[in-house]
Amino acid sequence: MLLKRIAPQLIALAALILLVTLVYPDFLDISFRDGRLVGPVIDVLKRGAPVALLAVGMTLVIATRGIDLSVGTVMAICGAVAAWAIASGWGLAPALLLALAAGAAAGLWNGLLVAVVGIQPFVATLILMTMGRGIAQLITEGRILTFNHPGFAFFGSGTVLGLPVPAWLWLLTGVGVALLMRRSALGMLIEATGINRRASALAGVNATVLLIAVYMASGLCAALAGIVVTADIRGADANNAGLWLELDAILAVVIGGNSLLGGRFSILAALLGALIIQTIDTGILLAGFPSEYNLVIKAALVLVILVLQSPRIAAEWRIWRESQRASREALAERSRT
Amino acid sequence: MNTRALPLYATIVIFLLAYAICWLQFPAILSTRVIANLLTDNAYLGIVAVGMTLVILSGGIDLSVGSVIAFSGVFIAVLLRDSSLHPLVVFAMLLALTTAFGAAMGFLIHRLAMPAFIVTLAGMFLARGAAYMLSIDSVPITHPFYDMIQNAYWLMPGKGRLRLIGVLMLLIVLAGMIIAHKTRFGASVYALGGGEATARLMGVRQGRTTILVYAFSGCMAGLSGIVFSIYTGSGYSLATVGTELTAIAAVVIGGTLLTGGAGYMFGTLIGVLTMGLIQTYIVFDGTLSSWWTKIVIGVLLLVFILLQKGLLKLSQSRLAGGVS
Amino acid sequence: MLLSIRSLTKTFPGTLALDGVDFDLAAGEVHALLGENGAGKSTLIKCLTGAYHRDGGTVALDGAQIAPRSTVEAQELGIGTVYQEVNLLPNLTVAQNLMFGREPRRFGLIDTRAMRAEAREMLRQYGLELDVDRDLGNYSVAIQQIIAIARAVALSGKVLILDEPTASLDAREVEMVFDVVRGLRERGLGIVFVSHFLDQVFELTDRVTVLRNGRKIVTERTADLDRMGLIEHMLGRALENEVEQQSAEGADTTHPDLLHFNGVGRRGVIEPFDLTIGQGEVVGLAGLLGSGRTESAELMFGIRPAQTGSIRDDKGPLDLKNPRAAIAAGFGFAPEDRKTDGIVADLSIRENIVLGLQARRGWARPIPRAEQNRLAEDYIKRLDIRTSGREKPVGDLSGGNQQKVVLARWLAMNPRFLILDEPTRGIDVGAHAEILRLIHDLTDAGMSVLVISSEIEELVAASDRVIVLRDRRHVAELSGSRVVPDTIMRAIAGGGAKGGEAA
Amino acid sequence: EGETVGFAQIGSESGWRAAETTLTKQQAEERGIDLRFSDAQQKQENQIAAIRSFIAQGVDAILLAPVVATGWDSVLEEAQEAEIPVVLLDRQVDSSDELYLTAVGSNLVHEGEVAGEWLVNAVGDEECRIVELQGTTGSTPAIDRKTGFENAIEGHDNMEIVRSQTGDFTRAQGKEVMESFLQAENGGKDICALYAHNDDMAVGAIQAIKEAGLAPGEDILVVSIDAVPDIFKAMADGEANATVELTPNMAGPAFDVLEAYWADGTAPEKFIQTESRLFTQDDDPTGEYEARKGLGY
Ligand SMILES: Nc1ncnc2c1ncn2[C@@H]1O[C@H](COP(=O)(O)OP(=O)(O)OP(=O)(O)O)[C@@H](O)[C@H]1O
Ligand SMILES: Nc1ncnc2c1ncn2[C@@H]1O[C@H](COP(=O)(O)OP(=O)(O)OP(=O)(O)O)[C@@H](O)[C@H]1O
Ligand SMILES: [Mg+2]
Ligand SMILES: [Mg+2]
């Protein structure tokens with residue numbers, strides 16, 4: 001059941017890895033050094049963290065028929081908040097909590113605009129997308145706010161049981177949220193709201209609160225992603241942190257087979273989508289083509305994957321195969337008579 | 001009275017109000033210079049927003065336009081540099097190319113039943129990537145024809161220069177209004193935006209309409225690219241990053257619903273001018289730091305949208321009250 | 001034959017919707033297409049008009065094979081269709097909807113003035129005078145239905161197909177539509193008519209074809225059939241006491257008061273009204289379309305908060321500020337427009353049924369899967385929901401079966417006061433009787449029910465008391481022996497006011 | 001004397017640019033100039049619109065940090081017609097030099113050459129495989145700094161750029177791309193030097209090198225451009241080797257020129273080149289860091 005749902009993504013990922021291995025044969029090499037695993041695949045797991053984390057929240061938002069364009073800037077805000085708190089000596093736990101609170105607040109803002117004021121999600125989150133980077137720069141005053149705190153840096157480049165901490169973060173967040181959605185009734189209620197908000201509200205679903213909660217979840221995921229990238233470079237880069245990552249996150253969700261029209265969703269598939277995107281990115285870097293080609297290669301690969309995954313193509317392929325078989329059988333029949 | 005035109009009226013009222021407020025603070029804003037600048041500086045945006053409006057009316061979205069504008073500039077500049085073709089020939093080639101590009105995206109969207117957001121996102125990467133591959137340098141355009149167009153303007157009283165590209169933008173908006181509101185194609189676009197399944201049952205040729213809509217948007221993006229190349233006299237692959245979002249914001253401020261099926265082409269013009277007014281106001285003010293600039297733009301966007309919503313609610317309840 | 005269909009076959013994943021169906025339509029006849037919910041009527045029509053791809057079989061129009069790949073092609077062939085759910089565009093004006101695809105043009109551009117005039121002319125035949133420049137969405141389902149019919153009629157050069165066109169119309173409008181259909185028959189069109197109202201079938205049609213489980217059962221002249229025989233063809237069995245007359249014992253039983261609505265109203269929506277609901281009582285709301293029945297119900301369920309008045313039960317005042325508050329107070333509401341307000345199309349039958357229950361329990365306490373399955377199976381059986389399984393998305397069910405799922409959702413919540421707005425719209429005779437019986441069972445168990453229906457017969461059959469509405473005002477209340485079609489009809493028309501006000 | 005000057009800045013995409021903005025504002029304040037600031041958010045169209053607005057307001061001079069070299073002719077002509085002098089900051093345009101008063105800036109190609117020459121001297125005759133972190137694809141600094149560096153190492157057959165990718169001028173990308181370089185070049189053991197088009201990318205890359213278990217500054221030489229405070233910290237720690245200064249104080253010389261021009265119409269030279277000074281670990285990095293950290297980088 002679950003395997004069937006994520007099969008297209010698994011196949012796409014496998015095919016992609018094969019392709020990358022062709023241009024960079026050592027792609028699958030993993031070695032164990034100084035208590036940690038190293039290799040391109042580990043890099044993918046680590047570097048994919050921001051997009052994967054964003055994709056978790058984005059999946060929920062998209063399931064409600066919304067979209068969150070602000071996650072990239074929310075990353076920058078939360079990174080700036082965390083770096084500011086660390087740099088002014090707040091200590092690790094308060095700094096992290098403050099960053100998460102900033103993410104939740106950003107989500108609350110989006111959620112209120114969407115669910116209460118009734119602005120379309122695209123526009124509501126576009127507003128924060130425009131403003132957010134300004135807010136982040138207000139905190140850092142346009143500088144790269146650096147800090148020296150090994151405990152915080154651990155979230156970017158630390159290792160637990162051989163795996164990088166960012167990889168653990170998205171794995172745990174993803175699996176945790178997926179379990180929460182399916183073990184509680186949240187998943188169904190979110191899907192119902194996304195498919196038909198009016199009917200759900202009439203059936204007693206508290207669609208308003210649910211929508212706000214979903215945007216807050218997205219804000220929290222963005223906060224986590226912001227913490228990862230800030231910890232990674234030991235500094236908050238308000239100008240560039242998370243720049244255009246919202247597009248990658250949305251792409252990941254769609255490659256994961258989730259419909260932008262809301263409804264049925266799969267977080268696991270979205271995570272695979274994020275891995276697919278990161279594999280493309282890392283593959284491009286490893287292959288060593290000139291930078292001018294990066295975008296074209298990425299666009300082409302994404303298009304091919306989407307086309308192959310398109311449900312309509314699948315249906316038509318099935319019909320074509322059946323008609324082929326029918327005509328073959330008819331032919332066999334005729335030759336027999 | 002028809003309630004569907006209310007957002008349009010609200011937009012116009014708010015724009016005039018905003019202009020009046022700006023004028024109180026900076027009287028120079030009412031000079032012909034500023035008004036002409038508003039048209040010239042936003043000509044490329046207005047043109048691309050016309051295409052975007054049609055796409056959004058059909059219930060879709062086109063994220064590729066910013067990249068297509070950049071690609072167009074580079075394409076024109078490189079071709080004029082490396083060949084002896086006349087600019088008009090190059091324009092024709094370019095428009096054919098971008099229209100085909102838009103049509104191809106429309107084809108994928110329809111044929112594969114894939115969301116427009118994603119297909120045009122890939123198109124956005126592709127067009128910018130193609131621009132890089134043509135040239136990563138910025139390429140100046142030096143052609144007598146370009147000089148001629150750039151110097152074609154009407155000097156209004158008060159030293160404002162009404163340039164050709166500004167006039168072209170107004171003409172395109174007019175054409176857009178005719179297409180959207182006065183043709184069967186336009187009616188199909190609205191129908192598609194109202195609901196795909198229903199539109200199909202009503203006899204909309206969904207495939208053809210979708211492809212045409214994106215082809216139109218591609219064509220407008222190409223035209224906007226031409227205007228942009230005239231405006232800047234060069235082609236640059238990093239130009240107009242994020243213009244798609246500005247265009248979408250302008251369309252939305254113009255009162256068009258992002259969910260499709262409702263809106264007016266004229267509103268888009270007002271939306272574009274509103275975006276231009278915000279920029280002008282910030283420059284006139286001149287005291288905002290980089291970060292406050294971003295925050296203020298966001299806040300103003302929000303204020304416009306909230307005002308629009310408020311005005312809409314008010315007049316609707318007024319209307320309902322009047323009936324009872 | 002004008003139109004002849006031979007061994008038409010259509011499968012959906014898990015369902016054989018049409019199984020070698022033959023169907024003939026002669027010029028100048030009205031041909032009824034009947035069958036239970038899910039029998040395949042709508043599917044047959046959609047295969048005919050190119051909305052669906054058929055898997056097998058042939059269709060010939062005027063002797064020539066046709067295979068329209070889209071509804072446009074069907075329209076061009078002279079086949080006009082009203083699909084089951086109103087299929088017009090709420091965001092276009094009435095005129096645009098009516099003239100879509102055939103707009104009059106001048107110099108290549110749409111001639112708005114001519115379009116408006118023509119649209120007005122089209123509606124005049126149906127006695128409808130309305131502002132054709134307003135968006136269609138501003139009008140009620142009923143008016144939209146008439147507009148859809150007008151559009152289809154104008155498009156049908158040879159064949160007109162009407163899939164449950166009268167489901168949301170009242171008697172006066174039905175008669176108007178019938179007049180138009182008869183006129184078209186005179187002109188030699190072939191007309192396919194789908195309905196669950198057998199009276200209308202006998203009144204209007206010349207021949208009848210019955211489908212059951214995707215197979216053709218019989219084609220007969222209407223005059224050669226009687227009601228019982230027809231029902232037997234449809235259900236494959238006889239129906240015990242089809243329409244129960246007013247259960248005589250119920251008439252005199254007194255009902256202790258459960259809810260009081262005092263002066264509840266909202267400006268521009270409905271005049272303030274008083275209403276008392278007794279425990280175990282069925283109250284009917286009667287009135288013409290647009291008289292304010294749905295609006296009354298919406299106020300009572302908190303969908304639109306009341307501006308005036310108060311609501312209380314025996315324990316004290318209730319604050320119904322939104323549907324959730326109403327649900328918490330033990331209310332339920334099955335809305336009239338199932339497509340936009342009722343079903344959650346992509347969710348399964350199971351999920352749709354448990355949705356309300358789950359929302360009330362809160363997200364943190366999921367209903368165990370076994371319990372969900374049990375509930376779903378139970379209601380699928382009790383309401384006879386035709387489906388290949390409980391995990392089928394509700395959107396894939398036939399219209400009537402969707403309605404049953406919405407009902408099941410509310411029944412599962414076991415409210416003390418249930419509002420049913422047009423509960424039997426699009427439901428077949430068998431299920432119709434079943435639902436009436438269900439209402440009686442529920443009230444016997446102490447539930448109070450408010451029924452809104454355009455079918456007077458149904459109101460009479462179900463209700464202990466009937467409130468009549470006119471022009472957004474509660475004008476009469478009939479109870480006891482006066483709950484008969486005649487009195488209600490007169491009260492609706494305004495003639496019965498003298499009798500009504502006294503109640 | 002209360003002159004009004006409009007400043008059309010590119011944006012605030014990096015610490016260096018923020019510092020330039022800060023210094024310009026400081027300089028204006030010191031001289032009693034009323035500065036109108038406009039942030040174009042990396043868009044030429046916004047800059048053109050801003051200049052037109054400045055003209056409409058009738059400012060006394062315009063400072064322009066052009067986002068790209070081409071496409072300024074017509075707007076500069078308009079300024080000239082309105083008799084408003086324009087001074088270009090830190091980047092050049094390809095318009096005729098009649099159209100602006102002067103340009104203050106460094107020579108971007110030269111910066112690349114200084115960096116390259118340092119590396120040539122530092123490695124001597126040894127075999128050296130270099131990796132390069134480019135700036136944003138298509139941006140002028142990325143193109144020129146690449147060209148300059150290549151000019152410098154030309155003819156030295158022992159030096160070769162083996163990998164070159166864009167790091168978008170950012171720390172995060174610098175780190176990510178460096179990781180892939182290390183991965184692809186035998187865990188970094190085959191790399192002798194890193195050339196980054198700006199310091200931010202170098203700082204990111206230094207972290208990547210450290211995390212790969214190598215010593216930046218020793219195992220892999222690091223040379224970059226800009227001289228922002230953080231690179232001096234890295235140099236003090238021995239993790240970076242050299243940087244080429246691009247001073248953010250472009251406004252000082254610009255205002256000097258303008259004041260002279262306003263006073264008596266003195267026409268300055270058409271290009272005022274700022275010094276592209278090379279800093280190495282021997283140049284008191286700690287002191288340089290302290291001197292710069294308050295400048296708004
Ligand atoms: N899109 C679809 N996907 C899957 N199954 C479908 C779909 N549409 C209809 N069906 C199935 O086909 C069968 C016939 O449905 P159809 O809508 O033709 O019934 P109907 O006779 O019109 O019923 P009603 O009187 O309720 O409208 C039903 O079992 C239904 O579940
Ligand atoms: N004849 C009419 N002319 C214009 N508008 C109408 C007409 N009938 C209804 N409407 C509009 O349609 C809306 C919905 O009314 P609706 O028909 O749902 O009321 P109702 O009394 O609940 O009837 P029913 O439940 O039978 O459909 C109302 O707001 C009303 O303004
Ligand atoms: Mg049906
Ligand atoms: Mg109603």
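Every chain is numbered from 1, with letters handed out A, B, ... down the list of sequences.
Only the side chain of A:Val254 comes within contact range of chain B, judged by heavy atoms closer than 4.5 Å. Looking at A:Ile135, the atoms closer than 4.5 Å to chain B (heavy atoms on both sides) sit in the backbone and in the side chain alike. Looking at B:Leu257, the atoms closer than 4.5 Å to chain A (heavy atoms on both sides) sit in the backbone and in the side chain alike. Only the backbone of B:Ala130 comes within contact range of chain A, judged by heavy atoms closer than 4.5 Å. Using a 4.5 Å cut-off between heavy atoms, A:Gln120 contacts chain B through its side chain alone, with no backbone atom that close. In this structure, chain A has heavy atoms under 4.5 Å from both the backbone and the side chain of B:Leu126. Contact of B:Leu258 with chain A is made through backbone and side chain together, with heavy-atom distances under 4.5 Å. In this structure, the portions of B:Leu302 lying under 4.5 Å from any heavy atom of chain A include both its backbone and its side chain. Of the atoms belonging to A:Leu128, not a single heavy atom falls under 4.5 Å from chain B. If you measure heavy-atom distances from A:Ile67 to chain B, the contacts under 4.5 Å come from the side chain alone.
Using a 4.5 Å cut-off between non-hydrogen atoms, no part of residues 63-73 of chain B approaches chain A.
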Q: Could you go through the side-chain contact (heavy atoms from CB on, under 4.5 Å) check for A:Ile119 and B:Leu306 one step at a time?
A: CA-CA 8 Å; A:Ile119 301 178; B:Leu306 286 183; 4.1 Å; yes
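For the residue pair A:Ser266 and A:Asn258, no side-chain donor N or O sits within less than 3.5 Å of a side-chain acceptor on the partner. A side-chain donor-acceptor contact under 3.5 Å links A:Ser218 and A:Asp68. In this structure, a donor-acceptor pair under 3.5 Å is absent between the side chains of B:Ser290 and A:Gln137. Side chains of B:Ser217 and B:Asp62: a donor-acceptor N/O pair is present below 3.5 angstrom, by distance only.
Counting heavy atoms from C-beta on, the side chains of A:Leu60 and A:Thr64 never come closer than 4.5 Å.
Put simply, the side chain of A:Tyr293 never gets that close to the backbone of B:Gly129: no donor and acceptor are under 3.5 Å apart. Looking only at distances, a side-chain donor or acceptor of A:Arg133 sits under 3.5 Å from a matching main-chain atom of A:Asn239. At distances below 3.5 Å, at least one donor-acceptor pair connects side-chain atoms of B:Thr11 with backbone N or O atoms of B:Pro7. Formation of a donor-acceptor pair under 3.5 Å by the A:Arg65 side chain with backbone atoms of A:Gly194 is found in this model. Panel note: side chain A:Glu191, backbone A:Ala63; no donor-acceptor pair is recorded below 3.5 Å.
Shown here are the side chain to side chain donor-acceptor pair (under 3.5 Å) partners of A:Thr193, two or more places apart in sequence or in another chain: there are none.
Ion pairing of A:Lys298 with A:Asp248 is present here, as a side-chain N (NZ or NE/NH1/NH2) and a carboxylate O approach within less than 4.0 Å.
Interface check for chain B: of the options A:Leu303, A:Ile297, A:Leu260, the most heavy-atom pairs under 4.5 Å are formed by A:Leu260. When each of B:Ser237, B:Ala131, B:Ala113, B:Gly123 is checked for heavy-atom pairs under 4.5 Å with chain A, B:Ala113 comes out on top. Considering only heavy-atom pairs separated by less than 4.5 Å from chain B, the leading option among A:Val302, A:Leu261, A:Ile250 is A:Ile250. Each of B:Ile305, B:Leu108, B:Val296, B:Leu301 has some count of heavy-atom pairs under 4.5 Å with chain A, and the biggest count is that of B:Ile305.
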